[in-house]
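These values consider heavy atoms only, across backbone and side chains, with no hydrogens, waters or symmetry-generated copies.
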Amino acid sequence: MDHSDLLEIFYEESEAQLQALEEGLLSLEKSEADEEILNGIFRAAHTIKGSAAIVRATGLEEFSHLLENVLAAIRDQRLSPDAAAITLILEAVDEIRKMIECLHDGEDRKADAELSSRVRQLLERDDVPSPSTRPQKSRPTTADTEKTYTIDLHLLPEIFETGFDPLMVFAELRRLGEILDVQAVIEDLPKLKEFDPTRLYLRWLIRFRTGAALKEIDNVFLFLIDDNPIRIEEVAEPPSESFEAPLSSGAAASVLSPQGLRIDQAQLDQLIDTSGELLIEIAALRRILREERCDHPQLEALGEKLESMGGKIRDRSLMLRMVPLDHLFRRFHRGVRDLSLRLGKRVRLKIEGGDTQLDKQVSDSLGEPLLHLIRNAAFHGIETPEERSAAGKDPVGHLRLAARQEAGRIIIEVGDDGRGVDLEALSRQALESGRVHEGATKKEILETLFDAGISTVDEVNDLAGRGVGLDSVRSTVRRLGGTIEIMTTKGRGTTFKLSVPLSQTIIPVLKARIGSGIYLVPTLSVVEHLRAWPNEIKSIEHLGEVFRYQGRYLPLLNPDVFPGDGSRPEQCSGREIILVLNGDRGDFGLLVDEVQEQLDILFKKVELGGLDWASGAAILDDGRPSLILNIPGLYRKFLAEHSQKGGNT
């Protein structure tokens, strides 16, 4: 493994360790010094330090070692983890993240000197409690409650490439109890001329006595969860001073075996693409058999079986790219804490539905939009403690970040119990800017919050006031094929509701013919499809055609927005087919000649030369490409055209 490969592994794993550090520190701030939390924080810092040494990042290794010393002082109860200490340690975590970013650019820089000095000063604080007041470890220490374990420390030969030092295990075990005996197994040791100093040839058999629980011993080996076959077994009677392998299995044994597998994203995407193409070829084969009137039961059964197997391959491939949203949501605890301190507010973040699964590509794209919404809620929505108390509210404001799955989509809500949107002030601003007309509905007024340049605060600073955050949120959600809406009540709070597809790879569509062209309409945008007589369609000046739907008139799009032969016939003797679609900012109808079938298609993002009414393309079972309609973009095109004609839409 060359240095560049080591760096890539380091970048990926260090971000996970930094995330664990932040979460542990925030948990530590909210509760008593829980030993498990303290150990987790220390392990994360220790891992970063060891990994930095492996990739020869000297500056990062030195600063991580300094941070590790501070965390060791907290763990050993020599330093109190008060708010000031936690804030400074979080600054150090941010500095480590910056130093890692510099490594991407080939720069191994030292940490900020002023910050390093302040971190060192933490170690000089006199927080050590007197022996009479120092909390005692909860772990039992008497001989009656202690147990003896045998540990087979069997590590992979390439363990050094991960930055792990086996001596860490012995140091952690000594902290938990007493190491009675260690034997090195040298049977794999090669001849001197074959010896490779970068590989590990030894294996250790350890006899260990402790009052700690088996789970605490397991935690020592959290560094090694990937591939190392380590065994831990409680022994009823202490063995002799010398003992031999192998360890026998027993009821109290703990086996740490492979827990995960790193998968290259590009290879996974290729697998998903191939599975989609396989389904297309199977569908084409079955279509040919039907067209040729091949009445062969065995061939038909084989085709069905192949189609089922292809679907399972596709679905399981997609599942490999699904991640729980909790991984994304947990990042915001730190942001809410920092915002609260900066704004002089007290805000508590509550997370619901973190186990909801979403395609990683979609999840990664939602980070910035959700951050905007959370900042918006903390700045605009949540009042100061004094304002909340005066209004009879809890001085602590509540932010809610929730997720759930509904009908093939993921619903994410960001809500607060703050002051709510001032509709009167927003309406005045929207009217003055010409964004809405007199008599606009509440929904239309709230929609203007997503327009660039609209802001409900007078003061502009680095947190808010420029009217650009929500505009970028809507743009990102639309690009993902999703929608966003606002629900607000004055004095009670505001909730933003995002609806995004589970995946951008496989999407359900209606296959529709318009003229001689075949187009794919995402079913998640289809409200209903119905038939209407020509005389049920009205024409309104400056707006065009409309049709009556559930007691209201909706605009009707003619297929002449499409290129080529998708135009509507001049004469129509029967009832016309209308797809009622949700265009993000309102419902509308689209005339089609035929709705053929519903399909699950493999979405392909392609460059369409500025056609904002199409979001991509798919290959049909007859081998022909077909455009996938972008319903919000189609409606925006319609609104823009009629706005230029002077219509009030």
Is there a side-chain contact between E91 and V119 (heavy atoms, below 4.5 Å)? no

Please enumerate all residues that pass side-chain hydrogen bond (donor to acceptor under 3.5 Å, both in side chains) together with E114, with sequence neighbours excluded. R118

Quick check: are there more than 12 heavy atoms from other residues, nucleotides or ligands sitting under 6.0 Å from CZ of R316? no

Output, in order, the C-alpha distance, side-chain angles, deciding distance and verdict of side-chain contact (heavy atoms from CB on, under 4.5 Å) for K147 and R209. CA-CA 6 Å; K147 295 179 180 179; R209 180 185 297 144; over 6 Å; no

Min side-chain heavy-atom separation L498-L366 under 4.5 Å: yes

Are the side chain of Y11 and the backbone of L103 linked by a donor-acceptor contact shorter than 3.5 Å? yes

Heavy-atom closest pair (L28 atom, P81 atom, distance to 0.1 Å) is CD2-CB, 3.7 Å

Do NZ/NE/NH1/NH2 and the carboxylate oxygens of R321 and D269 come within less than 4.0 Å? yes

Quick one: are Q361 and D364 in side-chain contact, heavy atoms under 4.5 Å? no

Close side-chain approach of L156 and L200, heavy atoms under 4.5 Å: no

Value rounded to 0.5 Å, distance of CD1 in I272 from CG in L268: 4.5 Å

Output all residues satisfying side-chain hydrogen bond (donor to acceptor under 3.5 Å, both in side chains) with D94, sequence neighbours left out; order by chain, then residue number. R334

I'd like to know if the side chain of R409 and the backbone of S499 have a donor-acceptor N/O pair within less than 3.5 Å. yes

Which atom names give the shortest non-hydrogen contact between S363 and L328, and what distance separates them? O-CD2, 3.6 Å

Residues L278 and G310: closest non-hydrogen pair is CD2-CA, 4.3 Å

When rounded to the nearest 0.5 Å, the distance separating CD of Q183 from OG1 of T150 is 11.5 Å

Look only at the side chain of R388 and the backbone of D394, and say whether a donor-acceptor pair between them is shorter than 3.5 Å. yes

Any donor-acceptor pair under 3.5 Å linking the side chain of Y201 with the backbone of D196? yes

Is there any ring pair (Phe, Tyr, Trp, His ring centres under 6.0 Å) pair reaching into residues 52-80, and which pairs are they, with sequence neighbours excluded? none

If you take all heavy atoms of A44 and L21, which pair is closest and at what distance? CB-CG, 3.9 Å

Got more than 12 heavy atoms from elsewhere within 6.0 Å of NZ, K360? no

Is any side-chain heavy atom of L122 less than 4.5 Å from a side-chain heavy atom of I89? yes

Could you check whether T87 and R337, counting side-chain N and O atoms only, form a donor-acceptor pair closer than 3.5 Å? yes

With E23 via side-chain hydrogen bond (donor to acceptor under 3.5 Å, both in side chains) - residues at least two apart: Q19, R330

Taking the side chain as every heavy atom from C-beta outward, state whether I100 and F10 have any pair of such atoms under 4.5 Å apart. yes

Find the distance between CD1 (I410) and CD (Q405) and round it off to the nearest 0.5 Å. 4.5 Å

Spatial distance of atom CZ (R97) from atom CD1 (I48) [nearest 0.5 Å]: 9.0 Å

By side-chain contact (heavy atoms from CB on, under 4.5 Å) - contacts of A403 (at least two apart): L325, F329, T356, I412

Those residues that, when tested against E62, pass salt bridge (Lys or Arg N to Asp or Glu O under 4.0 Å) (two or more places apart): K110

Could you check whether any side-chain heavy atom of I151 comes within less than 4.5 Å of a side-chain heavy atom of L173, counting everything from C-beta outward? yes

Check: I382 main-chain N/O paired with D416 side-chain donor or acceptor under 3.5 Å: no

All heavy atoms of I313 vs all of S275, minimum pair found to be CG2-CB, 3.9 Å

For the pair S64 (side chain) and E61 (backbone), establish whether a donor and an acceptor sit closer than 3.5 Å, ignoring hydrogens and angles. no

Report the C-alpha distance between L358 and V323 in whole Å, list the side-chain angles of each, state the deciding distance to 0.1 Å, and finish with yes or no for side-chain contact (heavy atoms from CB on, under 4.5 Å). CA-CA 6 Å; L358 183 63; V323 295; 5.5 Å; no

Checking K350 side chain against A402 main chain: does a donor-acceptor pair fall under 3.5 Å? no

Are E413 and R404 ion-paired here, with the side-chain N under 4.0 Å from a carboxylate O? yes

Without swapping roles, check the side chain of D108 against the backbone of T58 for a donor-acceptor pair under 3.5 Å. yes

Taken to the nearest 0.5 Å, the spacing of I374 CD1 from L371 CG works out to 6.5 Å

To the nearest 0.5 Å, what is the distance between CZ (R120) and CG (L66)? 5.5 Å

Steps toward side-chain contact (heavy atoms from CB on, under 4.5 Å) verdict (L26, L90): CA-CA 9 Å; L26 294 174; L90 286 171; 4.2 Å; yes

Is the shortest heavy-atom distance from the side chain of M319 to the side chain of M322 under 4.5 Å? yes

Indicate yes or no for a side-chain donor-acceptor contact from S116 to the backbone of D112 under 3.5 Å, with no hydrogens or angles considered. yes

Main-chain N/O of A111 paired with K98 side-chain donor or acceptor, under 3.5 Å: no

Where T476 and S365 come nearest, the two heavy atoms and their spacing: CG2-O, 3.5 Å

Please evaluate residues E101 and R109 with respect to the criterion salt bridge (Lys or Arg N to Asp or Glu O under 4.0 Å), reporting the C-alpha separation (whole Å), side-chain torsions for both, the decisive distance (0.1 Å), and the verdict. CA-CA 10 Å; E101 289 175 358; R109 72 171 180 85; over 6 Å; no

Under the side-chain contact (heavy atoms from CB on, under 4.5 Å) rule, what do H333 and V336 come out as? Steps first, then yes or no, please. CA-CA 5 Å; H333 280 295; V336 170; over 6 Å; no

